[in-house]
Amino acid sequence: MNIRLLTIGFTQKSAEQFFGLLETAGTKKVLDVRENRSGQLSGFAKEQDLRYFLPRLIGAEYEVEPLLAPSPAIRDAYKTTKDWAAYERSFMALIEERRLGELILPDRFAEPTAMLCSEPTPEKCHRRLLAEYFADRWRPLGHSVEIEHLVLAKPH
């Protein structure tokens with residue numbers, strides 16, 4: 001199976017930019033990997049709003065997968081320490097503890113699917129760790145996995 005694993009964060013983007021990136025990439029499903037999906041800081045990316053907007057604006061489905069969110073303890077530790085290496089180790093241990101490699105199957109990503117989080121770029125975001133983890137698991141099984149992070153183009 002050819003898998004296009006997309007990732008996107010909603011912060012530092014207007015609704016037009018956010019939905020435009022998803023549409024341009026041919027996104028068919030948005031998989032929300034946030035723990036908090038309805039907070040005031042989510043703006044246009046609140047769960048109930050995305051359930052309404054995605055099918056109407058770009059013809060994409062919306063799903064939530066709480067198992068892919070970091071635990072509050074991991075997030076809180078990072079907010080305190082800003083130690084990204086420790087965050088990565090803790091989150092990767094959580095992935096193994098939750099047995100995500102067995103529970104999240106490649107078929108779920110048969111259509112171009114974007115994992116949604118809040119961070120504007122993937123460098124220090126768990127969605128990048130998830131994408132890399134799944135690609136590393138699925139490629140040896142014979143799947144072709146392309147990871148594409150949907151970010152705004154930097155002005156020249």
*asked:* Run Leu68 and Ile104 through side-chain contact (heavy atoms from CB on, under 4.5 Å) and show every step you take.
replied: CA-CA 9 Å; Leu68 299 181; Ile104 307 296; 4.1 Å; yes

*Mind running salt bridge (charged side-chain N to carboxylate O under 4.0 Å, His left out) on Glu119 and Arg128 for me, showing each step along the way?*
CA-CA 10 Å; Glu119 294 299 319; Arg128 175 185 60 81; over 6 Å; no

_side-chain contact (heavy atoms from CB on, under 4.5 Å) between Leu22 and Leu57, intermediate numbers included_ = CA-CA 10 Å; Leu22 290 169; Leu57 294 178; over 6 Å; no

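Taken together through direct or relayed side-chain contacts under 4.5 Å among Ile, Leu, Val, Met, Phe, Trp and Tyr, Val30 and Val151 form parts of separate hydrophobic clusters. By the rule that hydrophobic residues join a cluster once side-chain heavy atoms approach within less than 4.5 Å of another member, Leu6 and Leu129 end up as members of separate clusters. By the rule that hydrophobic residues join a cluster once side-chain heavy atoms approach within less than 4.5 Å of another member, Val145 and Met92 end up as members of one cluster. A continuous path of Ile, Leu, Val, Met, Phe, Trp and Tyr side chains, each step under 4.5 Å between heavy atoms, connects Leu31 with Leu94, placing both in one hydrophobic cluster. Grouping the Ile, Leu, Val, Met, Phe, Trp and Tyr side chains by contacts below 4.5 angstrom, directly or via other members, places Leu105 apart from Trp138.
Nearest heavy atoms, Cys125 versus Thr121: CB-O, 3.9 Å. Arg34 and Ala69 get closest at one heavy-atom pair: C-CB, 3.8 Å. Closest heavy-atom contact between Ala110 and Met1: CA-SD, 3.8 Å. Across Ile58 and Glu23, no two heavy atoms sit closer than the pair CG2-CB, 3.6 Å. Closest approach of Ala60 to Thr27, counting heavy atoms only: CB-O, 3.7 Å. Contact detail for Leu152 and Gln12: the closest heavy-atom pair is CD1-O, 3.6 Å.
Using the six-membered ring where Trp is involved, Phe109 and Phe134 have ring planes that are tilted, between 30° and 60° apart. Classified by interplanar angle (parallel below 30°, tilted 30° to 60°, perpendicular above 60°), the ring pair Phe18/Phe44 is tilted.
Glu16 and Ser14 share no side-chain donor-acceptor pair at under 3.5 Å.
Here ring-ring contact (aromatic ring centres under 6.0 Å, His included) pairs that include residues 59-96, with residues two or more places apart or in two chains, are Tyr78-Trp84, Tyr78-Tyr87, Trp84-Tyr87, Phe91-His126. Residue pairs that meet the salt bridge (charged side-chain N to carboxylate O under 4.0 Å, His left out) test with at least one member in residues 59-71, sequence neighbours left out, are Lys29-Glu63, Glu63-Arg108, Glu65-Arg108.
Surrounding NZ of Lys28 are at most 12 heavy atoms belonging to other residues, nucleotides or ligands under 6.0 Å away.
Side chain of Ser144 to backbone of Asn2: no donor-acceptor contact under 3.5 angstrom is found. Judged by distance alone, the side chain of Arg37 and the main-chain N or O of Glu47 form no donor-acceptor pair under 3.5 Å. For Ser90 (side chain) and Ala86 (main-chain N/O), a donor-acceptor pair under 3.5 Å exists by modelled atom type. Between the Arg99 side chain and the Glu96 main chain, no donor and acceptor come within less than 3.5 Å of each other. Under a 3.5 Å cut-off, the side chain of Arg4 and the backbone N or O of Ala25 do form a donor-acceptor pair.
Put simply, the side chain of Glu132 reaches to within 4.5 Å of the side chain of Ile147, judged on heavy atoms.
The residues Glu88 and Lys124 are annotated as not salt-bridged, no charged nitrogen and carboxylate oxygen being separated by less than 4.0 angstrom.
Looking at Leu116, Asp32, Leu50 one by one, the single match for side-chain contact (heavy atoms from CB on, under 4.5 Å) with Val64 turns out to be Asp32. Of the residues listed (Met115, His149, Glu146), the one engaging Leu5 in a side-chain contact (heavy atoms from CB on, under 4.5 Å) is Met115, and it is the only one.
Between the CG atom of Leu150 and the CG atom of Leu21 there is a distance of 6.0 Å, given to the nearest 0.5 Å.
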